Amino acid sequence: MQLISREEIKTLLEQPKGNCVSIYMPTHPAGQEVRQDPIRLKNLVKEAEDRLIDAGLEQKEAIALLQKATELDTQDFWEQRGEQGLAIFISQDIFRYYTMPLNFQELVVVTDRFHIKPLLPILNGDGRFYLLALSQQDVRFFEATRHSINEVEIKNLPKSLDEALQIDETAKEGQFRSRMSRGGTSNSSSQPGEFHGQGSSDKDKHQESILEFFHIIDGALHQKLREQKAPLVLAGVEYLLPLYRQANTYQHLMEEGVTGNPEILSAQELHQEAWPIVEADFQKSQQDVLERFHELFGGDTGKATNNLKEIIPAAYYQRVDSLLVAVAQQQWGLFDPSSETVYLHEDKETGDEDLLDFVAAHTLLNGGAVYAVPPEQIPYSTAVAAIFRY
């Protein structure tokens with residue numbers, strides 16, 4: 001399973017306007033509920049068909065648009081998936097589905113853009129992170145969330161020191177002849193690390209080789225991580241971690257790592273060790289936003305509010321820096337940018353969209369931070385709270 005990224009969510013949001021169908025449903029990897037999942041999907045696709053007809057499509061057009069979702073309903077599909085939630089996105093030009101470690105509520109939304117708010121917990125509290133397991137004989141890279149971990153193949157990522165430096169096995173011990181060069185190394189005398197059983201000269205050479213190895217790893221990861229903001233956790237024996245930090249160029253490398261020999265740990269065991277490190281970071285980030293909100297709310301700065309009618313135009317015009325939004329709630333209505341008028345409706349009316357999803361989408365597109373959280377985690381029992389850039 002490839003975990004959905006912030007960039008993929010943005011790609012969904014940037015699709016041309018039209019009839020965009022978003023379907024969310026909980027799924028079950030085992031037990032009696034498994035038999036009900038195909039029935040649930042059929043019912044949700046039928047609901048989407050009805051909503052497309054309400055939006056002006058002929059029935060045959062609606063059925064044709066939803067055909068690929070109907071074709072998902074095979075025995076192989078249900079047997080292969082093992083996550084908690086299924087999200088499907090369909091438009092004239094797009095068909096994508098994701099099986100995700102999120103427990104979605106059943107939801108069908110048909111508007112002129114995709115509905116993405118239920119996906120957003122993957123970017124914060126249940127969030128995605130990376131894990132790099134380092135040893136001189138085995139390098140592994142993983143994508144993970146609170147609930148899952150998956151090894152990912154990275155182009156040009158060396159699996160071992162020998163592979164990276166192309167060491168001539170016939171060379172004498174301690175003599176490393178690298179056919180790859182990164183253009184110089186740092187002064188090894190100032191670098192940490194203990195290498196027992198070698199003379200100081202051999203230690204320095206071996207340490208330089210490891211550092212070069214790590215520069216090569218960092219270079220291979222650069223293409224994968226250069227646009228990412230998810231935390232990266234290192235796992236390795238203690239003396240290797242500070243050496244890798246010297247080579248690292250990824251800005252979101254965690255200070256704390258998993259120490260020990262990662263070669264003897266399974267992916268699940270690595271995940272068990274790494275998640276508490278990442279969870280603390282996610283919680284701190286969200287807590288920092290809450291503290292900033294309370295500091296600014298009610299003051300004269302006008303930089304914090306929980307008034308949805310104020311937040312909607314601010315999100316549209318790129319003013320929202322940080323947003324807390326209730327993940328399992330909807331507020332139906334409309335926003336008219338020409339007059340900056342917000343219309344809120346108790347029940348969904350024709351042409352309405354979820355305005356909580358609207359502010360989350362525009363905040364995300366405009367580079368703000370979005371925390372989709374349970375309603376009880378938002379101050380003053382409201383569905384949304386925002387900090388403005390200005």
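We're numbering straight along the sequence, starting at 1. Please read all numbers here as calculations on a predicted model, not as lab measurements.
- Here the OG-CD distance, from S209 to Q136, works out to 9.5 Å after rounding to the nearest 0.5 Å.
- At least one cation-pi condition fails for R96 and F89: the charged atom is not both under 6.0 angstrom from the six-membered ring centre and inside a 45 degree cone around its axis.
- Within a 6.0 Å sphere centred on CD of E58, heavy atoms belonging to other residues, nucleotides or ligands number 12 at most.
- Classification of the Y97-F95 ring pair by plane angle, with boundaries at 30° and 60°, yields tilted.
- Taking the six-membered ring for Trp, F358 and H115 have ring centres at least 6.0 Å apart.
- Residues I116 and L13 form a side-chain contact, since some pair of their non-hydrogen atoms from C-beta on lies under 4.5 Å apart.
- In the hydrophobic clustering of ILVMFWY residues, with side-chain heavy atoms under 4.5 Å counting as a link, Y24 and V327 come out apart.
- At least one side-chain heavy atom of L356 sits under 4.5 Å from a side-chain heavy atom of Q329.
- Contact of the Q330 side chain with the W332 side chain is registered, since non-hydrogen atoms from C-beta on lie closer than 4.5 Å.
- Residues K46 and D50 are paired through a salt bridge, judged by an N-O separation under 4.0 Å between the basic side chain and the carboxylate.
- Annotation: Q105, atom CD; neighbour count of heavy atoms from other residues, nucleotides and ligands within 6.0 Å does not exceed 12.
- A salt bridge links R51 with E47: at least one charged nitrogen is closer than 4.0 Å to a carboxylate oxygen.
- Salt bridge annotation for R113-E14: absent, with no cationic side-chain nitrogen under 4.0 angstrom from a carboxylate oxygen.
- Counting heavy atoms from C-beta outward, Y244 and H215 have side chains that stay 4.5 Å or more apart.
- Side-chain contact between L308 and V342: absent, with no pair of heavy atoms (C-beta onward) separated by less than 4.5 Å.
- Considering only heavy atoms from C-beta on, Y130 comes within 4.5 Å of Q228 through its side chain.
- Between E151 and K159, at least one side-chain N (NZ, or NE/NH1/NH2) sits under 4.0 Å from a carboxylate O, which counts as a salt bridge.
- Around atom CD of Q272, no more than 12 heavy atoms belonging to other residues, nucleotides or ligands sit under 6.0 Å away.
- Enclosure of atom CD in Q92 is not indicated, since only 12 or fewer non-hydrogen atoms of other residues, nucleotides or ligands lie within 6.0 angstrom.
- Side-chain contact between H222 and R226 is present, with heavy atoms from C-beta onward closer than 4.5 Å.
- No salt bridge links K284 with D281; every basic N to acidic carboxylate O contact stays at or beyond 4.0 Å.
- Ion pairing between a basic and an acidic side chain is recognised when a charged N comes within 4.0 Å of a carboxylate O; D354 and K348 show no such pairing.
- Comment: K224 engages E143 in a salt bridge, judged by a side-chain N to carboxylate O separation of less than 4.0 angstrom.
- Contact check for Y250 versus H252: side-chain heavy atoms found under the 4.5 Å cut-off.
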